[in-house]
Amino acid sequence: MPGLSPFSRLASPADPDTHGEYRIVRRPDDPRPVYRFSGRIDEHSPAGFTPRAGRYHIYAGWFCPWAHRVTITRALAGLDDVVSVSYVDNVRDGRGWAFRERYGPDPVNGFTLLREAYEATEENFDGHISVPALWDRVTAGVVSNTFKTIGIDLATQFRQLATPLVDTYPERHREEIEELDEWLNPTVNWGVGTAARTDEDGVRARTALLDALATLDERLATRRYLVGSTVTEADVRLWVTLVRYDVQSNAHRAINPGLHEFPHLWAYARDLYTLPAFRDTTDFSSFAAPDARIPDWHAPANRTGV
Ligand SMILES: N[C@@H](CCC(=O)N[C@@H](CS)C(=O)NCC(=O)O)C(=O)O
């Protein structure tokens, strides 16, 4: 009977009155990195994390841009049947992310709280209970919750097990992809979080963000993708921020009147949205502000001639 399976267990509703607000516990004298798990998948991995079909699972969240990067890369790398994925609920309390009705139970371990995956990996784990988290069925633990290297490993380490739609991390472009990341990660990916504020930091972040969007707009006037002639990790990393811009970070137009102010960038974002890897991994309802108006992502992008 499905009702009796341990894998259909679900967490009780998020309830901060009972469980408190989610809080990151960090010892001031703890030199360990905040994102504690950073294992890498590699045929010659000293830790034994070899690429194998069916071995790994991604705990993701539809709402989370960092998890979204990883689910897009997974799709572009052709890993739908090689690396499984499931989604935690969009809301949390002091217990951290949890599995609830909205996106179903944990299909791998039957955990009700993502915390259980972290505690299975390290006893009394007190760091971030974050998504994305890459779970290994063989060692029964989290390999990594470092989103950047999870994406790189999905893009590069499973080639012999799948037919990638595109190589999103081609060797010849890696340097340029990471150079862009050094600029865009603080200014755009993180900058949007501060740019709507009215304090000094907000003003500074807003100026830097709008400058960066203008520079990107110019760059994309003459090239279809950020680097090279195909979709790369650079596009994936930028896009998850762009798709949230009008409905989340700038939902109340505190930063600028909207992404359409940068017509090439906006068309570029719509062009990527035509790809199932981007479209099918996007659930606007998981991140849009309740009163946000979702712009027309289906408007033709006309980018083939760029
Ligand atoms: N900031 C993380 C990215 C992942 C992240 O922040 N995920 C959010 C959801 S979008 C989360 O799970 N946060 C809980 C936490 O970090 O404790 C990192 O740098 O690795």
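Read the numbers this way: they start at 1 and go in the same order the structure lists the ligands and their atoms. This chain uses plain numbering: 1 for the first residue, then up along the sequence. Reckoned from all heavy atoms, side chains included, excluding hydrogens, waters and symmetry mates. This structure is a prediction, so every number in the text was calculated from the model and none was measured.
- The side-chain contact (heavy atoms from CB on, under 4.5 Å) test with Leu213 is passed by exactly one of Asp211, Thr215, Leu209: Leu209.
- Near Phe147, with a cut-off below 4.0 Å to any heavy atom, the atoms of ligand 1 are 3 (C), 18 (C), 19 (O), 20 (O).
- Cluster annotation: Tyr273 is connected to Phe262 through the hydrophobic network of ILVMFWY side chains, with a link wherever side-chain heavy atoms come within less than 4.5 Å.
- At the top of the distance list for atom 15 (C) of ligand 1, counting protein heavy atoms only, stands His128 ND1, 3.2 Å.
- Remark: distances from the non-hydrogen atoms of Tyr59 to ligand 1 are all 4.0 Å or more.
- The residue among Trp66, Tyr22, Phe287 with a heavy atom at the shortest distance from atom 6 (O) of ligand 1 is Trp66.
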- [ ] Carefully, step by step, assess His173 and Asp167 under the rule side chain to side chain contact (heavy atoms under 4.5 Å, CB included).
- [x] CA-CA 11 Å; His173 291 314; Asp167 176 1; over 6 Å; no
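- Between His68 and Trp62, the gap from one ring centroid to the other reaches at least 6.0 Å.
- Less than 4.0 angstrom separates some heavy atom of Ile129 from each of these atoms of ligand 1: 12 (O), 14 (C), 17 (O).
- The aromatic rings of Phe37 and Tyr118 are tilted relative to each other, their planes meeting at an angle between 30° and 60°.
- Under a 4.0 angstrom heavy-atom cut-off, Thr146 registers as lying outside contact with ligand 1.
- At least one heavy atom of Arg92 sits less than 4.0 Å from an atom of ligand 1.
- Judged by the 6.0 Å and 45° rule, Arg270 forms no cation-pi pair with Trp297.
- For atom 10 (S) of ligand 1, the candidate residues are Ser130, Ser38, Ala67, Cys64; the nearest heavy-atom contact is made by Cys64.
- Per-residue contacts place Asn145 under 4.0 angstrom from the following atoms of ligand 1 (heavy atoms of the residue considered): 20 (O).
- Tyr87 pairs with exactly one of Thr71, Asp283, Ile58, Val131 by the side-chain contact (heavy atoms from CB on, under 4.5 Å) rule, that one being Thr71.
- Proximity of Trp190 to ligand 1, defined as any heavy-atom pair under 4.0 Å, is confined to the side chain (atoms from C-beta onward).
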Open item on the list: Assess the residue pair Arg197 and Asp199 against the criterion (salt bridge (charged side-chain N to carboxylate O under 4.0 Å, His left out)); give the C-alpha distance rounded to whole Å, side-chain angles, the decisive distance to 0.1 Å, and a yes or no.
Closed with: CA-CA 6 Å; Arg197 289 193 344 217; Asp199 62 5; 3.0 Å; yes
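- Between Trp97 and ligand 1, an N or O atom pair is found at a separation short of 3.5 Å.
- At least one N/O-N/O distance between Val131 and ligand 1 falls below 3.5 Å.
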- [ ] Verify salt bridge (charged side-chain N to carboxylate O under 4.0 Å, His left out) between Arg174 and Glu178, making sure each step is shown before the conclusion.
- [x] CA-CA 6 Å; Arg174 285 181 193 174; Glu178 295 310 333; over 6 Å; no
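- Nearest protein heavy-atom contact of atom 1 (N) of ligand 1 is Tyr35 OH, 3.0 Å.
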